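Index from 1, following the sequence. Keep in mind it's a predicted model, so treat the numbers as computed, not measured.
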Amino acid sequence: MKKVICAKDIDELVKEGGKTLYVDPKAILTPSAKDAIKKAEIEVVEGPAPAAPAACEAAAPAAAPAAACAEGDISSDMIYKALKAMLEKGMLEGMFNDNPAAQPAAPYVSETHGSGLKLVRGNNVTMEPLDVGVPGAKVSYQEFVGKGEATTSSGLLEIENAQFDWELEYEETDYVVEGTMTVTVDGQTFTAKAGDMFFLPKGSKVVMGSPDKCKVFYTTYPAL
C-alpha cells in the first residue's frame, strides 16, 4: 500500500502556479489525478524536489567583512544557504552522524542471505502512516519486500475503525491476521475475519475498512 496522489493534489499544485510534480517512486497516481496532470500539462518527475538555488548576497557577520561574490567565486554564505536548504528537505539525513547508536531505528529486523532469502522478524515492526485521502483515518502499513527485490510487494496493513476508497492498478491479496476487514464493491460488502483472505483483481474500485482494528498481510503483483 502506498501514498495516493489524488486530483485535488494536482488542483492545489496548479493553483500555486506549479508545472512540475515531484513524486515518490512508490506513490500511486489515481486515474483522476492522471487526467488532471494531462489537462494541466504537468510534468511528473520521480524523486524529491530540487533545493532552491542560494542567493548571491554580500551579507556577513558584523565581526567579519562579507565574502566577495564575484563571477566564478563561491562565498561561504552561498555554501551555508545551499546546505541549509538541502538539510531542510532531508537530503543530508544521516550524512553527518557517525554514531550508529544515534541512527534512526530500522522499521523492522530482518536476516538475509546472498541467494535473496529474507527473514523478517514480526515482533518488532514499526508501522508507518498511510495517506488514504481521508482526514483523520487511522491507516498504517509497513512494506517488507518491494520493487527491486521481487516481482511482488508484501507487507502489513493496519486499519482502525476507518473506511476509504481504493482503486487498484495491480492485483492484491489480503490475508486477515487479526480483527475484521471489510471490502465493499458495487454496494455489496464482504466481511473477513482472522484467517480469511481477500483477492482483489487489477482495476478494482472498492471501499476498504474495518469496524474495529484489523491487521492484514498483503501482497501485490506487480511489485510497487
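- Heavy atoms only, all atoms of each residue included: Asn124 and Arg121 are closest at OD1-O, 3.0 Å.
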Pair Asp174-Leu200, side-chain contact (heavy atoms from CB on, under 4.5 Å): steps then yes or no: CA-CA 8 Å; Asp174 296 320; Leu200 305 175; 3.8 Å; yes
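- Glu178 has its side chain out of reach of Lys213: every pair of non-hydrogen atoms, C-beta onward, lies at least 4.5 Å apart.
- Hydrophobic clustering (side-chain heavy atoms under 4.5 Å, transitive across Ile, Leu, Val, Met, Phe, Trp, Tyr) keeps Ile37 apart from Tyr22.
- Without hydrogens or angle criteria, Tyr108 side chain to Phe144 main chain gives a donor-acceptor distance under 3.5 Å.
- Grouping the Ile, Leu, Val, Met, Phe, Trp and Tyr side chains by contacts below 4.5 angstrom, directly or via other members, places Val132 apart from Val207.
- Residues Met208 and Phe217 are members of separate hydrophobic clusters, defined by side-chain heavy-atom contacts under 4.5 angstrom among Ile, Leu, Val, Met, Phe, Trp and Tyr.
- Summarising the local packing, NZ of Lys118 is surrounded by more than 12 heavy atoms from other residues, nucleotides or ligands at distances under 6.0 Å.
- Linking Ile, Leu, Val, Met, Phe, Trp and Tyr residues whenever their side-chain heavy atoms come within less than 4.5 Å leaves Tyr218 and Val145 in two separate clusters.
- Formation of a donor-acceptor pair under 3.5 Å by the Lys205 side chain with backbone atoms of Asp186 is not found in this model.
- Of all heavy-atom pairs spanning Val176 and Lys193, the tightest one is CB-O, 3.4 Å.
- Minimum heavy-atom separation, Phe198 to Ala192: CE1-CB, 3.4 Å.
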Test log, rule side-chain contact (heavy atoms from CB on, under 4.5 Å), inputs Phe190 and Val206: CA-CA 11 Å; Phe190 296 84; Val206 303; over 6 Å; no
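- Transitive grouping of hydrophobic side chains (ILVMFWY, heavy atoms separated by less than 4.5 Å) brings Met181 and Phe164 into a common cluster.
- No side-chain donor-acceptor contact under 3.5 Å links Glu12 to the backbone of Asp9.
- With respect to Glu158 and Lys138, no salt bridge is recorded, no charged nitrogen being found less than 4.0 Å from a carboxylate O.
- Atom CD1 of Ile28 sits about 5.5 Å away from atom CG of Leu224, to the nearest 0.5 Å.
- For the pair Ser204 (side chain) and Leu168 (backbone), a donor-acceptor distance under 3.5 Å is absent.
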Check against side-chain contact (heavy atoms from CB on, under 4.5 Å), Thr126 and Glu128: CA-CA 7 Å; Thr126 300; Glu128 300 177 7; 5.6 Å; no
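- Expressed to the nearest 0.5 Å, how far CD of Glu171 lies from CZ of Phe199 amounts to 4.0 Å.
- The OG1 atom of Thr220 sits 7.5 Å away from atom CD of Glu143, with the distance rounded to the nearest 0.5 Å.
- Closest non-hydrogen pair, Ser210 versus Cys214, comes out as OG-N, 3.5 Å.
- Residues Tyr170 and Pro222 approach most closely at CB-CD, 4.1 Å, considering heavy atoms.
- Residues Ala223 and Ala150 come closest through the heavy atom pair CB-O, 3.4 Å.
- With rounding to the nearest 0.5 angstrom, the CD1 atom of Ile5 is 11.0 Å from the NZ atom of Lys34.
- The closest side-chain donor-acceptor pair between Thr219 and Ser154, if any, does not fall under 3.5 angstrom.
- Residue Lys19 qualifies as enclosed at atom NZ: its count of foreign heavy atoms under 6.0 Å is above 12.
- To the nearest 0.5 Å, atoms CG (Leu157) and OG (Ser140) are separated by 7.0 Å.
- Looking at Asp212, its side chain does come within 3.5 Å of a backbone N or O of Thr180 through a donor-acceptor pair.
- The distance from atom NZ of Lys38 to atom CD1 of Ile10, rounded to the nearest 0.5 Å, is 15.0 Å.
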